[in-house]
Amino acid sequence: VQLQASGGGLVQAGGSLRLSCGASGRTVRNAGMGWFRQAPGKEREFVAAIRGSTTTTHYAGSVKGRFTLSKDNAKNTVYLQMNRLKPEDTAAYYCAADYAPYSILSQLMQPSAYDYWGQGTQVTVSS
């Protein structure tokens, strides 16, 4: 399985970006998919996840209400719509896929739950 993240860039505070994560080699239909981010000098942190079986989503408190995760099974792609961006959202964003059959949302908040990772796409928000 290969994950290809794209859509990052430089945006002013208050702006929007949509990240995409395209998968090849296996369908994402029943996969738990997650987005994480990592700023320089900081640990990788959870941003959002979607369960494969129910499409239930969960967000980190810092992005809830501003970010929306969605999945297009026909395109085998997961999206992260990011609105009202803040300078503190600046980081490299990574998508990941979990193919365990019964992962719950609390598990999907942990990087260790994921089998495959994309290469990351940089998001920079200027003040």
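Numbers here simply count residues along the sequence, with the first being 1.
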Residue Q2 excluded, over 12 heavy atoms near CD under 6.0 Å: no
S16/Q81 under side-chain contact (heavy atoms from CB on, under 4.5 Å): CA gap, chis, key distance, verdict: CA-CA 8 Å; S16 299; Q81 178 67 42; 4.0 Å; yes
Exam field: side chain K71 to backbone Y79, donor-acceptor pair closer than 3.5 Å: no
Disulfide (SG to SG under 2.5 Å) contacts touching residues 97-127 (sequence neighbours left out): none
T121 side chain vs G8 backbone, donor-acceptor pair below 3.5 Å: yes
Minimum heavy-atom distance between A91 and A39, given as atom pair plus value: CB-N, 3.9 Å
Residues clustered with L19, ILVMFWY side-chain links under 4.5 angstrom: V1, L3, V11, L17, V28, M33, W35, V47, I50, Y59, V63, F67, L69, V78, L80, M82, L85, Y93, Y99, Y116, V123, V125
By ring pair (Phe, Tyr, Trp, His ring centres under 6.0 Å) - contacts of F36 (at least two apart): F46, Y114, W117
Heavy-atom donor-acceptor pair, Q119 side chain to A5 backbone, under 3.5 Å: yes
Qualifying salt bridge (charged side-chain N to carboxylate O under 4.0 Å, His left out) pairs with a residue from residues 38-58, counting only residues at least two apart or across chains: R37-E45
Residue list, ring pair (Phe, Tyr, Trp, His ring centres under 6.0 Å) with Y94, at least two apart or on another chain: none
Which residues share a side chain to side chain donor-acceptor pair (under 3.5 Å) with S103, sequence neighbours left out: D98
Qualifying disulfide (SG to SG under 2.5 Å) pairs with a residue from residues 96-127, counting only residues at least two apart or across chains: none
Contacts of K86 that satisfy side-chain contact (heavy atoms from CB on, under 4.5 Å) - sequence neighbours left out: R66, E88, D89
Side chain to side chain donor-acceptor pair (under 3.5 Å) partners for D72, two or more places apart: none
Rounded distance (nearest 0.5 Å) linking atom CZ of R18 with atom OG of S20: 5.0 Å
Connected-component partners of L10 among ILVMFWY, side-chain separation under 4.5 Å: none
Approximate separation, where rounding is to 0.5 Å, of T27 OG1 and N76 CG: 4.5 Å
Pairs involving residues 63-127, ordered by first then second residue, that meet disulfide (SG to SG under 2.5 Å) (sequence neighbours left out): C21-C95
Listed once per pair and sorted, the disulfide (SG to SG under 2.5 Å) pairs that draw on residues 98-127, sequence neighbours left out: none
Whether Q107 side chain and I104 backbone form a donor-acceptor pair below 3.5 Å: yes
Heavy-atom pair with the smallest gap, counting every atom of R84 and G65: NH2-O, 3.2 Å
